[in-house]
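These numbers were taken from a predicted model, which means no experiment stands behind them. Every chain is numbered from 1, with letters handed out A, B, ... down the list of sequences.
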Amino acid sequence: MKIITSWLAGAALALIAGMSSAASTGNTIATVDPEADRLALQAYFQKRFPEVELADYGNGIYALDAASRAQWEELEEFPPYEFDIEEGEELFNTPFANGKSYADCFENGGIGVRQNFPYWSEQQDQVVTLELAINQCRTANGEKKLGWKKGKIAQISAYMAFTSAGELIDIKVPNDKAKAAYLDGKAQFYSRRGQLNMSCANCHLQGVNIPIRADRTGPTLGHVTHFPVFRSKWGALGTLHRRYGGCQNNVRGTALKAQGEEYRNLEFFMSYMSNGLAVNGPGSRK
Amino acid sequence: MNKYLPLVAALVLSSSTVAAQSFEDVFNAQRALHGNGHAFTFEGEQYTTDHPEELEAAAPANATNAKALIASAKAMHAEVKAVGYDWTLTKGILKNASKALKAGDFQKAMNLAAQAKYHARMGVAQYHNSKQSWLNMVPE
């Protein structure tokens, strides 16, 4: 009977890059310090890739891998997401049946606000992502929810990101409840999952820039800046949570629900890590 | 070649990096080297390299035992799903176990159920282990 199958990938990667010094606090509400976490993460990448400018991390793997960067720059000359931005703008501006529109649900009419998402909502007692806010806006106005991972929601999100280009990500953790959500996201990022027993950090932190099949794993710093992403493999635009699900499946773990509490908390943590980087979505990836 | 892969995995999987080898470390190393059904000693006691599920699957192959093992595998699967750590292949393996049972292939049903139950138990262990060890992965 063959029970253990292919632990290889996990084992190999985990062995490649051990942590030189691991944190010993930061796993409780009392000790977790988002700003210290962010600075430590930046320092980690800057030490490993001293030649890479901080601002370039928004370009994902292309910040580290010159070979694939050239291809990508070519791809970006005729951006595959251009149509989606236009479509998103139209959807954004089309009034609901009750005459209201998305603009009524967001600060500044929804223009140039991407950098403030996700945020901790005191009122809702949860992390609110941009996609969640888009669907909440719909249901508040008597419209049906959109699917979370692709299609219209990604197009609207892409347009909203586009209107926020260059704004610096500005996530806040205002109180202990928000801290708990942040901590949950942090724990998820570093927890091993799936049959391959790997965490996000195994691939996107310690294992960053390691070739896996036809890809190299990009740095988690800057992971969120350019979403939603038009991915050649999808042949379409997809949201961040769609990508989370794909990565969890790849380690043979069952993906969690898009826009469920876990992924929203994970996005909260990951977005805080990218505070200070510029919004540059939508993006294109292989 | 394949035979040695789990050894590497076992080294990585063991949460403790301290010098003293835990039972789990020794078990995993022995299993990786010898496969299942191998006897070894740990702190003076005799053990075998079988997973508990494999011992369950070694019971007489009949409908009653196959049904019972599938039921307990399903229960373990429900447990791992509840903590959000189930592995992708487990569900399909369980389905195939039920199919084999229907087809009257009791040994196959028991082997598959054992495999699914093992996956699920490892997923639950992974969940608990992650809680203990995730902090070790955070750079300072």
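Looking only at distances, a side-chain donor or acceptor of A:Thr254 sits under 3.5 Å from a matching main-chain atom of B:Asp86. Under a 3.5 Å cut-off, the side chain of A:Arg193 and the backbone N or O of B:Gly84 do form a donor-acceptor pair. No donor-acceptor distance shorter than 3.5 angstrom exists from the side chain of A:Gln195 to the backbone of B:Thr90, with no hydrogens or angles considered. Although no hydrogens or angles enter the test, the distance criterion places no donor-acceptor pair under 3.5 Å between the side chain of B:Glu140 and the main chain of A:Ala40.
Counting heavy-atom neighbours within 6.0 Å of B:Glu43 CD, excluding the residue itself, gives a total of 12 or less. A:Glu53 CD: 12 or fewer foreign heavy atoms inside a 6.0 Å radius.
Interface remark: A:Thr25 contributes backbone atoms only to the contact with chain B (heavy atom separation under 4.5 Å).
Put simply, CD on B:Gln132 and CG on A:Asn27 are 10.0 Å apart, with the number rounded to the nearest 0.5 Å. With rounding to the nearest 0.5 Å, the separation of CH2 in B:Trp87 from CD in A:Gln248 is 14.5 Å. Rounded to the nearest 0.5 Å, atoms OH (B:Tyr85) and OG (A:Ser191) are 4.0 Å apart.
Residues of residues 175-189 of chain A placed with any heavy atom under 4.5 Å of a heavy atom in chain B are listed by number as A:Leu183, A:Lys186, A:Ala187.
The side-chain heavy atoms of B:Met137 and A:Leu205, taken from C-beta on, include no pair separated by under 4.5 Å.
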Q) Yes or no on side-chain contact (heavy atoms from CB on, under 4.5 Å) for B:Asn129 and A:Arg192, after CA distance, side-chain angles and deciding distance? A) CA-CA 9 Å; B:Asn129 191 45; A:Arg192 292 171 179 274; 5.6 Å; no
Q: Would you check, one step at a time, whether the test side-chain contact (heavy atoms from CB on, under 4.5 Å) holds for A:Tyr190 with B:Leu135?
A: CA-CA 7 Å; A:Tyr190 290 104; B:Leu135 191 64; over 6 Å; no
